[in-house]
Amino acid sequence: METEKNQAVVHRYIYEFWNQGKVELADELISPAYTRTDPATPWVTGDREGIKQLMLAFRSSFPDLHFETQEVIPSEDKVVVRWTTTGTHQGDLLGIAPTGNSVNIMGTSIYRLSGGQMVDEYTIWDSMGMMQQLGVIPSLA
Amino acid sequence: MSTEETKKFMGQYFEALMKDKSDATIDQYVTDENLKQHIRMFEAAFPGYQLSAEDLIVEGDKVAIRSVMTGTHQGELMGIPPTGKQVSVTLMVFYRVAGGKITEFWINADTLGLLQQLEAIPAPASVTG
């Protein structure tokens, strides 16, 4: 089943590329034509090189960064994932010096796959919650 | 509910909600109290706000949407007084549907982007240094 293969690719992307920091896996799991849309990370390009930079930057800021999928919906050529991630802020993040704070953040991604590789990704995650948990911006009423 | 039934239900829900976000309409489609409160809060801040359907994924009783919310900030939002600004915010929502009602939901929205558009917080460059 194509949908099962797609689910396996997304699982490896989250649990190996992101959680184990296997940067070289990007070239296997992600198409050269891949595009990524995420309003919270305008500081990397929305392509395969950009996702490598993003993962390395986050793992450098949060060395124990760990994603868990909370819900996975495979549908035709897409896989939708509701996820959470946790980590401890131990390295510089976009000019924010390490705070030692633990963060717990929720996000949602829609991946589209073709030929066993991810071809596009739309992600929205709680970047405001992260900034609040790091104490960079105050909590709102 | 089957995928087809859920698709049909979600189409009816969005059509009804985009015309009218009264309690009667909300109660007809939603049992999740958090979703009801969420809709009321945003309708108070952005009266008549609209949601586009950029992507809709349905499998059985599970629904995911990718959408852009547009509206004008005419009422208080989380302590921010009305600014009169027009906003455009990307979001994704998961819904669980059972017995012809939305029983659970999870939302992720570009909240930082929304607050930047309302000028409640500085633009990204100055937030992140």
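So you know, we letter chains A, B, ... as the sequences are listed, proteins then strands, and number each from 1. Quantities reported herein were computed from a predicted structural model and do not represent experimental measurements.
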Quick one: closest heavy-atom pair of [X] and [Y], and the distance?
X	Y	answer
A:S75	B:E59	OG-OE2, 3.1 Å
A:T123	B:M92	N-CE, 3.7 Å
B:L112	A:I137	CD2-CD1, 3.8 Å

TODO: Give, as side chain, backbone, both or neither, the part of B:A120 having an atom under 4.5 angstrom from any heavy atom of chain A.
DONE: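 For B:A120, there is no contact with chain A at all, as no heavy atom is under 4.5 Å.
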Task: Contact class of B:V58 relative to chain A, heavy atoms under 4.5 angstrom - done: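 Contact with chain A is through the backbone of B:V58 alone.
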Applying a strict under-4.5 Å side-chain criterion to I, L, V, M, F, W and Y, I'd like to know whether [X] and [Y] cluster together.
X	Y	result
B:V30	B:F94	no
B:I57	A:V9	no
A:I73	A:M118	no
A:I30	A:V80	no
B:V68	B:V87	no

TODO: Determine whether B:T90 and A:Y122 make a side-chain contact, defined as any pair of heavy atoms from C-beta on separated by less than 4.5 Å.
DONE: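 Counting from C-beta outward, B:T90 and A:Y122 never come under 4.5 Å.
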TODO: Can you tell which part of A:V79 gets under 4.5 Å to a heavy atom of chain B, answering side chain, backbone, both or neither?
DONE: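 Neither part; nothing is under 4.5 Å.
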[X], [atom1]: over 12 other non-hydrogen atoms inside 6.0 angstrom:
X	atom1	result
A:E24	CD	yes
A:E76	CD	no
B:Q86	CD	no

TODO: Give the member of A:M106, A:R82, A:E71 that has the highest number of heavy-atom pairs under 4.5 Å with chain B.
DONE: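 Going by pairs under 4.5 Å, I would pick A:R82.
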Say you draw a straight line from [atom1] of [X] to [atom2] of [Y]; how long is it, rounded to the nearest 0.5 Å?
X	Y	atom1	atom2	result
B:T111	A:Q132	OG1	CD	8.5 Å
B:D55	A:I110	CG	CD1	4.5 Å
B:R66	A:T37	CZ	OG1	7.0 Å

Open item on the list: Does A:T108 form a side-chain contact (heavy atoms from CB on, under 4.5 Å) with B:W106? I'd like the steps, not just the answer.
Closed with: CA-CA 9 Å; A:T108 306; B:W106 294 264; over 6 Å; no
TODO: Look at the side chain of B:D110 and the backbone N and O of A:I124, then say whether any donor-acceptor pair between them is shorter than 3.5 Å.
DONE: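 No; judged by distance alone, with no hydrogens or angles, the pair does not exist.
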